[in-house]
Structures are given as C-alpha cells and as structure tokens.
Amino acid sequence: MKVGKNVVRFHIPILIAAIALLIPSAIGMARTRINYDMLTYLPADMDTVAGQEILMEEFGKGAFSFVIVEDMPLSDVAALRAQLEQVEHVDTVLWYDSVMDLSVPMEMLPEKLYDAFNAENATMMAVFLETSTSSDDTMEAIRAIRQIAGRQCFVSGMSAMVTDLKELCEQEEPAYVGLAVLLACTAMMIFMDSWLIPFVFLLSIGMAILLNMGTNYFLGETSYLTKALSAVLQLAVTMDYSIFLWDSYNEQKGRMTDKKAAMACAIDQTLASVVGSSITTVAGFIALCFMSFTLGKDLGVVMAKGVVLGVIGCVTTLPALILVLDRALERTRHRALLPKADQAAGWVTKGFVWILILSAALVGPALKGYRKTNENVYYELTETLPKDMDFAVANSRLQEAFGVGATHMLLIDSQLAADDVRSMIREMEEVEGIQYVLGLESAVGPLIPKEALPESITELLTNENWELLLVNSQYKTASEEVNAQIDRLNQILKKYDPKGMLIGEAPCTKDMIEVTDRDFQVVNTISILAIFVIIALVEKSITLPFILVAVIELAIFINLGLPWYMKTSLPFIAPICISTIQLGATVDYAILMTTRYKRERCGGRAKKEAVHIALASSIPSIIVSAMGLFAATFGVALYSNIDMIRSLCHLLARGAVISMLCVILILPSLFMMLDPVICATSAGFKKKEQAGGRRPSYRKIHEKTEVIR
C-alpha cells in the first residue's frame, strides 16, 4: 500500500500540482499546430510525395488553385490578376495577359488554350503559391485571395478545402467536448449512486485530457481528426478507471472507519486493476502506429499517451478530489437505478444453448458484411462536407463551367526532346476523360521557339532539371474512372520518361487508397495478436484468449458489417480505426467477467454457479462503461457536419453497445459450453474444497462489482 499511502498523504500537494500543470498544458495545446490535409500522411518514398517535394524545392511552388471569375470585364480581370499576385505567398497567377497583351483578342489563342481558361460568362486563372498545400501561410493567402476577389469569384482546390475545413472544425470542436461531457455525465448520474461523482470524474479526466493535448506540442503537430476525437475517446475510455476507483473506495469504506486508509487501499487495488486493463487499450492504439499511412501513428501515439495519463490521473488527481469533496459526495448519494442483475444472469445461464445457436446464425451475415465493408468506403473527403462551403461551391462551378473534375501535374526531364514531349501530350490527350495537357510545347507549337514566350511563363513551367505540365481531367478525385486514367497516364509517362512523375490530389488519393487497403490488414492482425498475447499472460490460459478475442471480433464484424446492409458509406479511415479501437476499448468488459469467473471456479464453485456470479457482478460495470462510451460519442455523431468525425463517432457508439451485448450474452454462454476445456487449458481453475463441505447458494449472493485483479 505504499503508493496509496503516499497519494493520500500528499493529496493536497498533488491537487495543487495538477491545477498548476493546467497552465503549461493550455499553452502547449494552443501552440500545437493542427494538420488538416490527409494527403500529407502518405509515405515519403512515394512518387506523388517526392514529386510534391521537387515542386517545392526546384520550382518554389506548392499549393495550386483555380480562381473562377464570372461576369467581369477583361480589363477588371487583368487588374484582379495583378492584385492577386501581390498577395503574400502567391508566386504566380497565370491568365491570358500572362501570355499576350489584352489588345490582342482572346480568340487569337490556340483553341485548346482558349477553351481551357474560358467559358460562356466566366474565365479562369491558375494561382500558384510558394507554400505547401495545407500550411498556415497558404490558408492565410486563400483568405486574402477571397477577400480581394469578392463574390464574383470562386477559389477551388485542395488548399481552399483545407482552409474551410479548419474553420468548420474550430467552430464545432467546443461543441464536441461539451456534448460528450453533458451526455457522459447524464449517463453516469443515471447509472451510478451519486449525483456529484460524475462531475468529479469529469474534472479529473478533464485535467488528464488537457495535459495530453498540451504535451502534443512535443510531437510538432497533430491531425484535425486526432484533435477532434482524442478528447472524446480519452473521456470515454478512461472513465472505466474512475469507476473502478470509486467502487473500490466504497467497498473499503464499508470495511474501515478511516476514509484515508480506505482510499489508500482502494488506490493500490485500482492501480493493479487498471494497469492490467489499460494495457489492452494501449495495445489497440499502438497497433495504429504500424500503418504506412502515418495518420494512424498520429492518432495512436496521442491516444496511447492519453490512456497512460488517464491511469495516472485516476490514482492521483481523482483520489485527491474525492478526499477533498468526501462530505459533499456523501450528501448527494442516491439509490442506483440499475436493478440487480441476478435475474438476467439466470436467464443467460439457463438459455445459453439458444443464445449460442442465435450467435452462430449471426456469424455468416456479419462476416459477409464485414468483408464487403470496402465496397462502402469513400476516399474523396470533399464530397461529404457541407455543400454550401466556399470551396464546394467553387468546385461545383469549375465542374459545370469548365468540365474540370481533377487537375494533375506532370514533372518530366527538361532535356526530353520537344518532339517526344509533343508525342506524349498527344497520347495523353487521347486517354478517356482527359480534356487537355498544357505545357511549353502545347503553348508554342513546333514552329515557335520557347524563347518567344514571356520569361514569367518559362520560369513557371521549366528549370534546368524539370518541366511542369498541367493535365485537366473530367473525372473527380477518388473515382474509379480517374484511378484507371492515372494508371494509363503513368504508362504513357514512363514510356517517354522513366523518371517522370505524375502528381496532384487525384494521384495522391489513389496512392492513399492502395496504402490504407494494406494498412487495414496489417493493423488488424497486429492488434489481435497483441491483445491475444496480453490476455494469455494475464489469464494464464491457452483457450481464453481465443474465446475473448472471438467475442469482441464478432461484435466488430457486426458493427462494420451493418453499413453494407444499410448501404451507408464510410470514410476510408473508419474500418482501420474502429477495428482496433473497439477491440482495445471493449475487450476490458470480457476480461472483467473472465477474471471473476476464474476466481469463482478457483474457489470451488460449480460451472453454473461461477458463470452466474461472474455475470451478475459484471453486468453493472459493463453497462456503465459501455453507456459512458456510447454517450460520449453518440452526441458528436449527431452534431458534427464533418462526415469523417460523424462516422467514426457513430461506429464507436454503436460498437460500444454491440460489444456490451456480446459480452453479456455470448461470453458467459461460451463459458457454460466450454468450461471443461477452459479448466483443462488454463492455470488457476483448480477447484478448492470449502470448509463444511457446502457451497453457499449463488442465488442468495449479491456481491458488489469486483474490479479486475
């Protein structure tokens, strides 16, 4: 009890230190950069990523956008172009007067060039920035461009999307935390035995969340998805540990007259319990770090760190708060609304055969839906954002007026013969869905030397190593058509220039599709193996890891299979994250029940008695824990306008309920059926004779919920 005694002895200094740490944590949180561009998490050795680096280093250009101008005289468009070029971080604005004087009629341009930049009542400028697609400087430049351009102009492209996404996230994030806190607090007030304790829990967990967010400063930056989800997930996942401490403290107070001694004992018991429990959750998050798509590492590291800080807060800050507020907590007690679970446990142990038959019938459909999950996955993130966002309106105008769905860029060897470049362009323009390929050769023609073009154009499109070409496609990013088109373009490109690179949003997204498909299998396998080993070591069993993981995996199959039957689309990251997070976060329910079942069997109880007691004593904790996770995520799922966040929270909320039902119904049924096998293949199941030769009837036993030991 050394840890517990020290925490109790120094609980006031601990509380003061926890409050003092909030200041640097808040500063660190405010200074942590947030990344809103999913494509930056692609592996650095891919051609699409390397090409972006070359574009930045050798051309001094990163971000690229089209500005559509409607119903504006040409002289005003020229003046607007000059203004836009003065915006900080704008490198070049390419329009008609970049090539020819306005005194020369536009119709004198080659037909391809004219059609590329003009429609009935609209014209289009290509804006190149010297900063990367999602940098803070780029977002400031996009805002400045919009302010100068006014309502007649529309700014499209990835940088505009990132700018709008950042603003939407900043508006919604306070509501995420508020809803999670409100609903989680409501759930705990209903299911627990005190009106005040939920607020104490939330205060303690809130300190750990702020400390976690503040220490993200040392990671350099985090993704907007990590920022939006980490607080909600940390609240939901680490709430269990607070409940463990509270239950243990109440149990010890029933045995001891001194509340400090009771708390010291509760801390030591809880520490042993939550360390074992949290290891599985941490393992689930760490598995995400093995993704090639490094968004997984970003989310995994932050959430694993959050769980560890949650455990520390549970055995330091929370006990200090409870001791300080002990009188108020006693005054605000109420009768727990959850009924005793003996009757429900009796139904399960009596009807376990029917439960297993129904469960077996679910396996086939669940597995089928799970395997077809990828048919419902989307990668085009812009499609699911609100249609009235500025970038969405601009992209729609670009598609309607100019037929542009995606813009690719080609980087080719600047020493490649002009005739070869023209041949390559002709072949590419014959690829289905390609509108045109624009480069120096297509602009000047075979009879006009490149030197005839303005220096601003030649510097924009070529240097001593590389030449840059723009390729406009009718197809939208992430569509099957554009992916097939990219394959064909790469074939043509490599024929003429083996070192050439096809870059842009659509090629990067295609790479992301291929990378995350592999990641799904890798991460799922690692998380299952890691948790399997942890359960085997904790429970000292060969068969129990198979049983526990199988139950939670069935819950995951059901959760991820439902979208296919419901014809619901999911963001690409959802299956990867949910398969690991749901496994890591809810396998604790199974471990809780298994540990109690093992203890009862070891104590000499018969199979049915042991399962009944384990189930009856575990149901309240499992329900409170699952409802906490459900409440913290369900409100966000209803509120958010960002489909990636909405879908993940919806899946987490539903997964918590499905896992709860699987553990309460299927796991004890498997114990009933496989008890002889479990006892034969697990340590600690040896029966012990009880004094007097009689066992007390389990029907009369109403024990308090035991924490995992």
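Within the 4.5 Å cutoff, the side chain of Glu140 has no heavy atoms near those of the His89 side chain. Side-chain contact between Phe154 and Val393 is present, with at least one heavy-atom pair separated by less than 4.5 Å. Considering only heavy atoms from C-beta on, Cys649 comes within 4.5 Å of Leu229 through its side chain. With a 4.5 Å cut-off on side-chain heavy atoms, Leu570 and Leu651 count as touching. Contact annotation: the side chain of Glu505 never approaches that of Met161 to less than 4.5 Å [non-hydrogen atoms, C-beta and beyond]. Counting only heavy atoms from C-beta outward, the side chains of Met125 and Leu80 approach each other to under 4.5 Å. For the pair Met501 and Ile54, the minimum side-chain heavy-atom distance is below 4.5 Å. Contact annotation: the side chain of Tyr496 never approaches that of Met428 to less than 4.5 Å [non-hydrogen atoms, C-beta and beyond].
Atom CG of residue Leu165 and atom OH of residue Tyr36 lie 7.0 Å apart, to the nearest 0.5 angstrom. Annotation: the span from Asn641 atom CG to Arg646 atom CZ amounts to 6.5 Å, rounded to 0.5 Å. A distance of 4.0 Å separates CE in Met512 from CZ in Phe572, rounded to the nearest 0.5 Å. The distance from the OH atom of Tyr224 to the CG atom of Leu295 is 8.5 Å, given to the nearest 0.5 Å. Here the CG-CD1 distance, from Leu288 to Ile573, works out to 8.0 Å after rounding to the nearest 0.5 Å. Atom CD of Gln86 is separated from atom CD1 of Ile148 by 9.0 Å, given to the nearest 0.5 angstrom.
Looking at Thr509 and Glu380, their side chains never bring a donor and an acceptor atom within 3.5 Å of each other. Counting only N and O atoms by type, the side chains of Ser414 and Thr462 include no donor and acceptor under 3.5 Å apart. For Thr222 and Asn216, the side-chain atoms include no donor-acceptor pair closer than 3.5 Å. A donor-acceptor contact closer than 3.5 angstrom links the side chains of Asn472 and Thr407. One side chain, Tyr176 or Ser640, offers a donor N or O that lies under 3.5 Å from an acceptor on the other.
Each of Asp47, Thr48, Val482 was scored for a side-chain contact (heavy atoms from CB on, under 4.5 Å) with Pro507, with one residue passing: Thr48. The salt bridge (Lys or Arg N to Asp or Glu O under 4.0 Å) with Arg33 is formed by just one residue from the set Asp137, Asp298, Asp136; it is Asp136.
Salt-bridge formation is not detected for the pair Glu514/Arg518: no Lys NZ or Arg NE/NH1/NH2 atom is positioned less than 4.0 Å from an Asp or Glu carboxylate oxygen. For the pair Glu430 and Arg426, the salt-bridge criterion is not met [side-chain N within less than 4.0 Å of a carboxylate O].
Across all non-hydrogen atoms, the minimal contact from Pro575 to Thr373 is CG-CG2, 3.7 Å. When all heavy atoms of Ala394 and Val155 are compared, the pair lying nearest together is CB-O, 3.2 Å. Here the closest heavy-atom approach between residue Ser134 and residue Val162 is recorded as CB-CG1, 3.9 Å. Taking all atoms of both residues into account, the shortest heavy-atom contact from Ser569 to Tyr378 is CB-CD2, 3.8 Å. The shortest non-hydrogen separation linking Ile556 to Ser579 is CD1-O, 3.4 Å. For the pair His408 and Ser473, the tightest heavy-atom approach, listed with the atom from each and the gap, is NE2-CB, 3.8 Å.
In the displayed structure, Lys368 atom NZ is contacted under 6.0 Å by at most 12 heavy atoms of other residues, nucleotides or ligands. Dense packing is recorded around CD of Glu221, with more than 12 heavy atoms of other residues, nucleotides or ligands lying under 6.0 Å away. The neighbour count for Lys494 NZ, taken as heavy atoms of other residues, nucleotides or ligands under 6.0 Å away, is above 12. No more than 12 heavy-atom neighbours from other residues, nucleotides or ligands sit within 6.0 angstrom of CZ on Phe634. Lys297 NZ: 12 or fewer foreign heavy atoms inside a 6.0 Å radius. Few gaps surround CD on Gln152; more than 12 heavy atoms of other groups in view lie less than 6.0 Å from it.
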**OP:** Go through the steps for Thr123 and Trp95 under the test side chain to side chain contact (heavy atoms under 4.5 Å, CB included), then give the verdict.
**Re:** CA-CA 9 Å; Thr123 188; Trp95 186 60; 2.8 Å; yes

Subject >> Residues Leu411, Leu468; criterion side chain to side chain contact (heavy atoms under 4.5 Å, CB included); working and verdict >> reply: CA-CA 5 Å; Leu411 282 173; Leu468 176 66; 4.1 Å; yes

Original post:
Does the pair His650 and Thr568 meet the rule for a side chain to side chain contact (heavy atoms under 4.5 Å, CB included), with working shown?
Top reply: CA-CA 12 Å; His650 185 96; Thr568 305; over 6 Å; no

**OP:** Test Lys476 against Gln399 for side chain to side chain contact (heavy atoms under 4.5 Å, CB included), laying out the working first.
**Re:** CA-CA 9 Å; Lys476 290 186 176 182; Gln399 179 77 37; 4.2 Å; yes

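Residues satisfying the salt bridge (charged side-chain N to carboxylate O under 4.0 Å, His left out) test with Asp164, not counting sequence neighbours, are Arg146. With sequence neighbours excluded, the residues satisfying side-chain contact (heavy atoms from CB on, under 4.5 Å) with Val431 are Ile434, Gln485, Arg488, Leu489, Ile492. Evaluation of the side-chain contact (heavy atoms from CB on, under 4.5 Å) rule for Ser396 yields Glu400 as partners, not counting sequence neighbours. Here Val90 pairs with Val87, Val93, Val127, Leu129, Ile145 under the side-chain contact (heavy atoms from CB on, under 4.5 Å) rule; sequence neighbours left out.
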Which atom pairs, one a donor and one an acceptor, fall under 3.5 Å between side chains of residues 58-74 and the rest of the protein, sequence neighbours left out?
{"from": "Glu58", "atom 1": "OE1", "to": "Asn463", "atom 2": "ND2", "distance (Å)": "3.4"}
{"from": "Glu58", "atom 1": "OE1", "to": "Asn465", "atom 2": "ND2", "distance (Å)": "3.0"}
{"from": "Lys61", "atom 1": "NZ", "to": "Phe59", "atom 2": "O", "distance (Å)": "3.0"}
{"from": "Lys61", "atom 1": "NZ", "to": "Asp91", "atom 2": "OD2", "distance (Å)": "3.0"}
{"from": "Ser65", "atom 1": "OG", "to": "Ser156", "atom 2": "O", "distance (Å)": "3.0"}
{"from": "Glu70", "atom 1": "OE1", "to": "Arg397", "atom 2": "NH1", "distance (Å)": "2.9"}
{"from": "Glu70", "atom 1": "OE2", "to": "Arg397", "atom 2": "NH1", "distance (Å)": "3.0"}
{"from": "Asp71", "atom 1": "OD1", "to": "Asn121", "atom 2": "ND2", "distance (Å)": "3.3"}

Which donor-acceptor pairs under 3.5 Å do side chains of residues 38-46 form with protein atoms, sequence neighbours excluded?
{"from": "Thr40", "atom 1": "OG1", "to": "Asn35", "atom 2": "ND2", "distance (Å)": "2.7"}
{"from": "Thr40", "atom 1": "OG1", "to": "Asp37", "atom 2": "O", "distance (Å)": "2.8"}
{"from": "Tyr41", "atom 1": "OH", "to": "Ser223", "atom 2": "N", "distance (Å)": "3.4"}

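A donor-acceptor pair is defined here as one N or O able to donate and one able to accept, closer than 3.5 Å; no such pair exists between the side chain of Ser647 and the backbone of Met644.
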